[in-house]
Amino acid sequence: MTTTIWIVLVILGCAVVTWLPRILPFVFVKNVKMPDVVLRWLAYIPVCILSALVIEGMFVKEAQLVTIDWLHLCAFIPTLLVALVTKSLSKTVVAGVITMAALRFFFS
């Protein structure tokens, strides 16, 4: 496959369209004092993201049954605890990756 200027422009356009909605909110609220209720609500976003990403992977469809992937469940518990204690998305992700890597190393 050859790379043309059109493909490069499409890739750059996709990057900008993906990047803008993630960065613009931070730019707009950088100098704004948020109400305490909003800050408390935002503190739970790492837990919500963790749940949305991980819970889907914990269930496996086998024929007509839905079963639990025990390896994912075992990784989820300490990761959830890190998310609840630190309320930090980066610490939560690092804890989840390390826990899953250790479990796969020892049990897979």
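- The hydrophobic cluster containing Val82 does not contain Val93, counting ILVMFWY residues as joined when their side-chain heavy atoms lie under 4.5 angstrom apart, directly or transitively.
- Residues meeting the side chain to side chain contact (heavy atoms under 4.5 Å, CB included) test with Leu39, sequence neighbours left out: Met34, Asp36.
- Taking Ile5 as the reference, Leu9 meet the side chain to side chain contact (heavy atoms under 4.5 Å, CB included) condition, with sequence neighbours excluded.
- In the hydrophobic clustering, where aliphatic and aromatic side chains (Ile, Leu, Val, Met, Phe, Trp, Tyr) are joined below 4.5 Å either directly or transitively, Tyr44 stands alone.
- With rounding to the nearest 0.5 Å, the separation of OG1 in Thr99 from CG in Leu80 is 11.5 Å.
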*Intermediate values then yes/no, side-chain contact (heavy atoms from CB on, under 4.5 Å), Thr4 and Val8*: CA-CA 7 Å; Thr4 64; Val8 172; over 6 Å; no
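- We find the NE2-OG1 distance between His72 and Thr79 to be 10.5 Å, quoted to the nearest 0.5 Å.
- With sequence neighbours excluded, the residues forming a side chain to side chain contact (heavy atoms under 4.5 Å, CB included) with Ile68 are Phe59, Trp70, Leu73, listed by chain and number.
- Across all their heavy atoms, Pro21 and Val16 have their closest contact at CD-O, 4.5 Å.
- Val94 belongs to a hydrophobic cluster with Ile98, counting contacts under 4.5 Å between side-chain heavy atoms of Ile, Leu, Val, Met, Phe, Trp and Tyr, direct or through other members.
- Within a 6.0 Å radius of NZ in Lys91, other residues, nucleotides and ligands contribute 12 heavy atoms or fewer.
- Grouped by direct or indirect side-chain proximity (heavy atoms under 4.5 Å, Ile/Leu/Val/Met/Phe/Trp/Tyr only), Trp6 sits with Val10.
- Hydrophobic cluster membership for Phe106: Leu71, Met100, Leu103, Phe105, Phe107 (Ile, Leu, Val, Met, Phe, Trp, Tyr linked by side-chain heavy atoms under 4.5 Å, directly or transitively).
- Trp19 and Val17 are not part of a single hydrophobic cluster, where members link through side-chain heavy atoms under 4.5 Å apart.
- Thr86 approaches Thr92 most closely through the heavy-atom pair OG1-OG1, 4.2 Å.
- Here Ser90 pairs with Ser88 under the side chain to side chain contact (heavy atoms under 4.5 Å, CB included) rule; sequence neighbours left out.
- Counting heavy atoms from C-beta on, the side chains of Val66 and Val60 never come closer than 4.5 Å.
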*asked:* I'd like to know whether Leu24 forms a side-chain contact (heavy atoms from CB on, under 4.5 Å) with Phe28, so could you lay out the CA-CA distance, the side-chain angles of the two residues, the decisive distance to 0.1 Å, and finally the verdict.
replied: CA-CA 6 Å; Leu24 283 180; Phe28 289 134; 4.1 Å; yes
